[in-house]
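One structure below.
First listed ligand is number 1; within each ligand, the first listed atom is number 1.
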Amino acid sequence: MYLNKLFSLEGKTALVTGAAYGIGFAVAEALAKAGAKIAFCCRSREHLEKALGDYSAEGIDARGFICDVTDEKQVENMLNKIGAVDILVNNAGIIKRIPMTEMSAEDFREVVDVDLTAPFICSKAVIPGMIERGGGKIINICSMMSEIGRETVSAYASAKGGLKMLTKNIASEYGGFNIQCNGIGPGYIATPQTAPLREPLPDGSRHPFDSFIISKTPAGRWGEPGDLAGAAVFLASRASDFVNGQILYVDGGILAYVGKQP
Ligand code: NAP
Ligand code: GCO
């Protein structure tokens, strides 16, 4: 009973961006199962239709919208249709794996636009309503790359590092209005975004990056989108009312580990 009350999202409306599949879908599913009403968006009509069927198969009555979150007008129109948002999850994100010296400024800007500017646009749009209603929750989906880098992901790491700081800044600027803004830093999670890193080689052997991640993760496996459910419900619920500006890494221990000894 006590735990139900602490983690219940009954009566709350959550907007999860980019939740047609992958991490966003799993987070929206978890929030719905904790009692929240779900609104989600994505860019493709095909993804939207499929997702509506997938939510419905889980017994979730989700409202879906076509909305590119980098476009302020589209975000505004979507929010007018949704009404009050108590929980915003900035999940929509893209990655371009290109060595930095070969990457165009245009490609770099596109990644920053989706992964950093869009969370600014969506948060900016819901904060006034949250203030009016006495509070709210914003969860930014960050990354290992909010802390560490690697070859080919300069734009993504720059955006996700920036998203960590946007998280801390929203917490600093609006914490006094009972708004908690925290991040979740997923480790390597098996979704379409990371599928190219897991694709078996032509001879059927494991992709070297796949083996690398398993050896680099103390849990010894890739994460599943559902691994993020607990952190999402915690950060969306009153259980986290005095937690603000934090990034909760859900990574099977990667960030704690120096790597397997040779
Ligand atoms: P994904 O499988 O590629 O799914 C991305 C979702 O975002 C899709 O629903 C996509 O639908 C939507 N989307 C992309 N750009 C959008 C835009 N401009 N406006 C609205 N929707 C948009 O990605 P994922 O792996 O689930 O990752 C979700 C988030 O977690 C991302 O921010 C990612 O960087 C982060 N993350 C992922 C991992 C991982 O290992 N997978 C680890 C750490 C962090 P449409 O294509 O229809 O728009
Ligand atoms: C990559 C990956 C990562 C993950 C994730 C790690 O190419 O290294 O795609 O960046 O998606 O964000 O937390």
Side-chain angles (χ1 to χ4, degrees), residues 15-29 39-52 54-55 62 64-72 74-75 78 89-99 109-122 139-164 166-167 183-199 207 209-210 212-213 216-217 221-228 231-232 247-255:
L15 167 61
V16 186
T17 67
Y21 49 82
I23 290 174
F25 184 91
V27 164
E29 182 186 353
F40 74 96
C41 70
C42 61
R43 294 161 305 176
S44 137
R45 171 76 45 200
E46 193 189 331
H47 293 161
L48 183 88
E49 297 301 339
K50 169 146 191 339
L52 286 169
D54 292 344
Y55 280 108
F65 300 89
I66 295 291
C67 173
D68 181 336
V69 285
T70 62
D71 183 323
E72 264 187 299
Q74 289 188 36
V75 169
M78 171 173 69
V89 183
N90 285 309
N91 167 78
I94 59 166
I95 191 166
K96 288 178 191 268
R97 299 183 184 97
I98 306 170
R109 283 196 193 100
E110 194 186 330
V111 173
V112 172
D113 209 23
V114 181
D115 293 359
L116 178 57
T117 311
F120 159 78
I121 288 173
C122 295
I139 302 172
N140 291 327
I141 304 299
C142 297
S143 165
M144 301 281 84
M145 274 68 203
S146 299
E147 299 294 338
I148 55 177
R150 83 169 186 87
E151 301 80 356
T152 75
V153 298
S154 59
Y156 186 79
S158 304
K160 293 294 188 179
L163 186 56
K164 174 179 75 173
L166 178 65
T167 303
I184 295 177
Y188 278 81
I189 312 293
T191 70
Q193 193 202 73
T194 52
L197 306 175
R198 277 174 286 110
E199 205 133 283
H207 193 300
F209 199 90
D210 183 357
F212 164 65
I213 285 306
K216 185 74 187 82
T217 308
R221 64 170 176 86
W222 283 72
E224 295 297 331
D227 284 319
L228 303 165
I247 313 298
L248 176 48
Y249 289 97
V250 183
D251 66 351
I254 299 183
L255 282 180

Nearest to [atom], what protein heavy atom do you find, and at what distance?
atom	answer
atom 24 (P) of ligand 1	T191 OG1, 3.6 Å
atom 33 (C) of ligand 1	Q193 NE2, 3.2 Å
atom 4 (O) of ligand 1	Y21 CE1, 3.3 Å
atom 18 (N) of ligand 1	D68 OD1, 3.0 Å
atom 11 (O) of ligand 1	C42 CB, 3.5 Å
atom 42 (C) of ligand 1	G187 O, 3.1 Å
atom 37 (C) of ligand 1	I23 CD1, 3.5 Å
atom 34 (O) of ligand 1	Y156 OH, 2.6 Å

Working to the nearest 0.5 angstrom, can you tell me the gap between [X] [atom1] and [Y] [atom2]?
X	Y	atom1	atom2	answer
I95	Q193	CD1	CD	5.0 Å
T194	H207	OG1	NE2	11.0 Å
I23	D227	CD1	CG	10.0 Å

Atoms of ligand 1, numbered as shown, that sit under 4.0 Å from any heavy atom of [X]:
X	value
S44	47 (O)
P192	2 (O)
G22	26 (O)
H47	11 (O), 45 (P), 46 (O), 47 (O)
A20	9 (O)
T194	39 (C), 40 (O), 41 (N)
I189	39 (C), 40 (O), 41 (N)
G18	6 (C), 7 (O), 8 (C), 9 (O), 12 (C), 21 (N)

Within a strict 4.5 Å, meaning less than it, do heavy atoms of the [X] and [Y] side chains meet?
X	Y	answer
I247	T167	yes
D115	L163	no
D251	T217	no

Under 4.0 Å from ligand 1, counting heavy atoms only, is it the side chain of [X], its backbone, both or neither?
X	result
C142	backbone
R43	both
C67	backbone
F25	neither

Under 3.5 Å: donor-acceptor pair, side chain of [X], backbone of [Y]:
X	Y	result
D68	T70	yes
R43	G18	no
T17	A92	yes

(request) May I ask which of I141, N91, D113 has a heavy atom nearer to atom 31 (C) of ligand 1 than the others do? (result)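 Among I141, N91, D113, the closest heavy atom to atom 31 (C) of ligand 1 belongs to N91.
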(message) Out of the candidates Y21, F25, Y55, only one should pair with F40 under the ring pair (Phe, Tyr, Trp, His ring centres under 6.0 Å) rule; please name it.
(response)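 The passing option is Y55.
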(request) Output yes when the distance from some N or O of ligand 1 to some N or O of C41 is under 3.5 Å, and no in every other case. (result)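 No: no nitrogen or oxygen of C41 is under 3.5 Å from one in ligand 1.
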(request) Check the surroundings of atom CZ in F65: do more than 12 heavy atoms from other residues, nucleotides or ligands lie under 6.0 Å from it? (result)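 Yes.
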Does [X] have a non-hydrogen atom less than 4.0 Å from ligand 1?
X	answer
W222	no
K160	yes
T17	no

(request) Would you check ligand 2 and list the protein residues that come within less than 4.0 Å of it by any heavy atom, ordered by chain and number? (result)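 Residues I95, R97, S143, M144, M145, R150, V153, Y156, P186, G187, Y188, Q193, T194, L197 each place a heavy atom under 4.0 Å from ligand 2, listed by chain and number.
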Run the side-chain donor-acceptor check on residues 153-160: report pairs under 3.5 Å with partners two or more places apart or on a different chain.
residue, atom, partner, partner atom, Å
S158, OG, S154, O, 2.6
K160, NZ, I141, O, 2.9

(request) Using the side chain to side chain contact (heavy atoms under 4.5 Å, CB included) rule, take Y188 and K216 through it: C-alpha gap first, then chi angles, then the decisive distance, then the call. (result) CA-CA 10 Å; Y188 278 81; K216 185 74 187 82; over 6 Å; no
